Amino acid sequence: MGEFGNVKVFIVYAHPSEDSLTRHVRDSFIAGLEHSGHSYLVSDLYRMNFTTDMSEEEYRREAFYRRDLPVPGDVQAEQDKINASDAIVFIFPLFWSDAPAKMVGWFDRVWTYGFAYGLDTDKNGRTMKQLEKGLVLCVAGNTMEYFHETGILGALEKVMLQDRLFDRVKSKEFVIFDGASRELESRKSRWEDHLARAFKTGVGI
Ligand SMILES: Cc1cc2nc3c(=O)[nH]c(=O)nc-3n(C[C@H](O)[C@H](O)[C@H](O)COP(=O)(O)O)c2cc1C
């Protein structure tokens, strides 16, 4: 995709601490984007204090298919960022075999009826454009050997790619940065490899 020139990338990022591999993965990925001359926008969900609890009115809008009910301003702002982009990238640590609640709640609220699903547009005629690319960059404490043995990560990959991204993006990829636990020697020994891979992923978007 990158060979067609400037790609506008929307990064949805969630990690509670800057003292993390995930933050360095984000920065290396962004360095890769910059290296290729792509532009980007970041929603740093913890720093923004993004609201991830759905209100009762939001619940009613979704569950009763009430397009006439309003979409909150903070949600519309995220949707505008999506529609101004060519690609969307989710960067987060694995928490209890899932994305952090901060990011799961982003999907609860931002994937609204008429925008991200349902046949119609919302009452203002807004709908989500189909993006060229969707990427998931997930930092995990456990190793790939553990994930292969247990099959645990397969569930998250399916949910992220087949349900949350689905045909909202044309091509999609799930990238794992594994063995990052502070209890494992691999956190240090694989650090530079992980960052090089994040950089390359940014270059090649
Ligand atoms: C609340 C919490 C839950 C976690 N759950 C998992 C998990 O289910 N599987 C896993 O492999 N790592 C798990 N981890 C480890 C994180 O993925 C870990 O923070 C990360 O791999 C290390 O990268 P970081 O420096 O970016 O935080 C968990 C960490 C926290 C704080």
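Because the structure is a prediction, the values reported are computed rather than measured. Both counts, for ligands and for their atoms, begin at 1 and track the order of listing.
Near ligand 1, residues H15, S20, L21, T22, L94, F95, W96, S97, V139, A140, G141, N142, F147, A180, R182, R187 each place a heavy atom inside the 4.0 Å sphere around the ligand atoms.
Residues forming a side-chain hydrogen bond (donor to acceptor under 3.5 Å, both in side chains) with D108 (at least two apart in sequence, or on another chain): none.
Remark: R164 fails to qualify as a cation-pi partner of F90 under the 6.0 Å distance and 45° angle criteria applied to the six-membered ring.
For E157 and K172, the salt-bridge test fails: no basic side-chain N is under 4.0 Å from an acidic carboxylate O.
The minimum heavy-atom distance between A116 and R168, with the atom names listed, is O-NE, 2.8 Å.
In the displayed structure, E183 atom CD is contacted under 6.0 Å by at most 12 heavy atoms of other residues, nucleotides or ligands.
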*asked:* Could you go through D27 and R23, starting from their C-alpha distance and side-chain angles, then the distance that decides it, and tell me whether this counts as salt bridge (charged side-chain N to carboxylate O under 4.0 Å, His left out)?
replied: CA-CA 6 Å; D27 291 349; R23 165 268 175 104; 3.0 Å; yes

